[in-house]
Amino acid sequence: MSKTGNALGSRTLDNLAPAGQRVLLRADLNVPMQDGAVSDATRLTRLAPTIRELSAKGAKVIICSHFDRPKGKPVPAMSLRPIAASLAGVLDMPVAFADDCIGPVAQNAIAAMQNGDVLVLENTRFHAGEEANDPAFIGALASLADIYVNDAFSAAHRAHASTEGVAHHLPAYAGRLMQAELNALDTALGTPARPVAAIVAGSKVSTKLDLLSNLVGRVDILVIGGAMANTFLAALGHDVGKSLQERDLHETARDILKTAQGKGCEIILPVDLVCASVFAANPPTMIVGVDAIPPDMMALDVGPATVAALIARLPEIKTIIWNGPLGAFETKPFDAGTNQLAAAIADATRAGTIISVGGGGDTVSALKQAGVEHDVSYLSSAGGAFLEWMEGKILPGVEAISAGMSNIG
Ligand code: ADP
Ligand code: MG
């Protein structure tokens, strides 16, 4: 993919006059719930500007989204109704709800809307046509509106009816959150200020193979941490004891190192590690060099010398992308390496010497836990879509916004 600015082109809300129009807004209302209530409203807060803007401009804002995995049939526990109520609280304005996302129920609810009103339609995945990207279902959704706005970047890696299919049947635009995500990703990897570094860590090499392969060709420095680093260290002949590693990927790890060398990408592996005999909170720990991991212990975090070396490199780095915690951050004290590096990156970001972009489910949790979620340039809430973009894959939901128009007369 080229520059994402070009990918969206003029398909942003800047070029949309939605007054009096029915706008089908694909949002991501798939928020974490606990005991029937929204436990983390971050996604709703991030979505609010798009809804407010459309409403203020006089659109009838018809929101659709998936929630969870009902597998094509109605599952009451996966209704969007409680989330619509939560959204009303976030927006501080009334939000109506329709018990179906297509057909007479949706049509009647839309017919009752005034300009500026907001309506949430029931879970799109209550219909099998959603995930199948089925033409009849796409037609039923498209018939509800005059314009389509997609603000669900986090669902853009899926070619479903509401994320992709509908874009070919209505004039399609990106919402403000989608636009912000794409701008941030483009700044980080499309046209970054160099040198650009990536931190790729987390538990497994196997889940990040495409990511590593893409990044070695695009970044100047690649830091490998977390349990993934154990696989690389073992592949280089170090004894990693009982550490989590993937023995069948040693050859792959060596290939990645070789490719990096050929492309002039510097790889940074840990030089020391924090080890324990048991994986539990606050066990006795030992800091060892990578050549001295005791056979009955496991590495659960990068050590202080590694963190200090990484922090020492920050002044020369202009852009940094972070996916994957450096250690088993959910269990103390194995969050220390992640926390210290996060604090240093936050300082550099505040000082304006670095652009920092983070993403990934556990990475978001880890950076929140480190207290820096508001101190990095951009923290992507997009999960799988963020990773696929970083892997260099084309996201069907993004493609369809620009491609879709050519299919409309
Ligand atoms: P993300 O969701 O941000 O893409 P991953 O899922 O790849 O990140 O990796 C996060 C997981 O990696 C966390 O659960 C963390 O505990 C684990 N992890 C990191 N380092 C280690 C380690 N040294 N040993 C065991 N688990 C680790
Ligand atoms: Mg994860």
Side-chain angles (χ1 to χ4, degrees), residues 32 40 42 154 157 185 188 198-212 214-215 222-235 238-247 249 253 269-283 285-288 290 293-294 297-304 306-307 310 320-342 345 356-370 372-373 376 378-391 393:
D40 179 353
T42 308
S154 47
H157 56 316
L185 297 183
I199 303 165
V200 179
S203 48
K204 289 181 170 177
V205 175
S206 53
T207 60
K208 306 261 165 106
L209 274 178
D210 290 344
L211 183 65
L212 291 166
N214 187 41
L215 290 179
L222 179 60
V223 177
I224 298 174
M228 284 174 57
N230 301 333
T231 302
F232 279 86
L233 291 170
H238 300 282
D239 184 349
V240 299
K242 287 198 303 173
S243 303
L244 183 61
Q245 65 146 318
E246 289 164 291
R247 289 172 198 281
L249 288 180
L269 284 165
V271 292
D272 64 341
L273 298 156
V274 182
C275 295
S277 305
V278 287
F279 187 17
N282 300 307
T285 59
M286 208 169 131
I287 295 162
V288 298
V290 291
I293 303 169
M297 291 184 105
M298 60 191 112
L300 291 164
D301 194 10
V302 296
T306 302
V307 177
L310 293 176
I320 195 155
I321 303 160
W322 191 343
N323 171 256
L326 295 180
F329 76 101
E330 303 94 332
T331 310
K332 284 189 189 311
F334 308 111
D335 56 344
T338 301
N339 291 346
Q340 285 158 21
L341 183 61
I345 290 175
S356 51
V357 174
D362 292 295
T363 308
V364 171
S365 308
L367 295 186
K368 276 187 183 172
Q369 191 175 305
V372 305
E373 61 173 309
V376 289
Y378 197 81
L379 187 56
S380 172
S381 56
F386 169 85
L387 279 177
E388 290 201 19
W389 197 94
M390 286 292 168
E391 288 165 359
K393 294 186 179 145

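In listed order, ligands and their atoms are each counted from 1. Predicted model only: the values in this text are computed from it and were never measured.
Protein heavy atom in closest approach to atom 19 (C) of ligand 1: Gly327 O, 3.1 Å. Protein heavy atom closest to atom 1 (P) of ligand 1, with residue, atom name and distance, is Asp362 N, 3.6 Å. In terms of protein heavy-atom proximity, atom 9 (O) of ligand 1 is closest to Gly202 CA, 3.1 Å.
The atom name of the N/O/S atom in Asp362 closest to the Mg ion (ligand 2) is OD2.
Below 3.5 Å of separation, one finds no N or O of Thr207 facing any N or O of ligand 1. Annotation: Ser203 places an N or O atom under 3.5 Å from an N or O atom of ligand 1; distance criterion only. Residue Thr363 has at least one nitrogen or oxygen atom sitting less than 3.5 Å from a nitrogen or oxygen atom of ligand 1, judged on distance alone. Among the atoms of Ala227, some N or O lies under 3.5 angstrom from an N or O of ligand 1. On a distance-only criterion, Ala299 and ligand 1 share at least one N/O pair closer than 3.5 Å.
Here the rule is side chain to side chain contact (heavy atoms under 4.5 Å, CB included) with Val223, and of Val200, Leu341, Thr306, Leu310 only Leu310 fits it. Among Val376, Ile345, Leu379, Val357, the single residue meeting the side chain to side chain contact (heavy atoms under 4.5 Å, CB included) criterion with Trp322 is Ile345.
Summarising the geometry of Ala276 relative to Thr285, their closest heavy-atom pair is CB-CG2, 4.5 Å, with the distance given to 0.1 Å.
Near Pro325, the atoms of ligand 1 lying under 4.0 angstrom from a non-hydrogen atom of the residue are 8 (O), 9 (O), 10 (C), 19 (C). Counting atoms of ligand 1 from 1 in the listed order, those under 4.0 Å from a heavy atom of Glu330 are 13 (C), 14 (O), 15 (C), 16 (O). Here is the list of ligand 1 atoms found below 4.0 Å of a heavy atom in Leu300: 23 (N), 24 (N). For ligand 1, the atoms sitting less than 4.0 Å from at least one non-hydrogen atom of Gly361 are 2 (O), 3 (O), numbered in the order shown with element in parentheses. Near Gly360, the atoms of ligand 1 lying under 4.0 angstrom from a non-hydrogen atom of the residue are 3 (O).
By the 6.0 Å contact criterion, NZ on Lys204 is open, its count of non-hydrogen atoms from other residues, nucleotides or ligands being 12 or less.
Remark: distances from the non-hydrogen atoms of Lys208 to ligand 1 include one below 4.0 Å.
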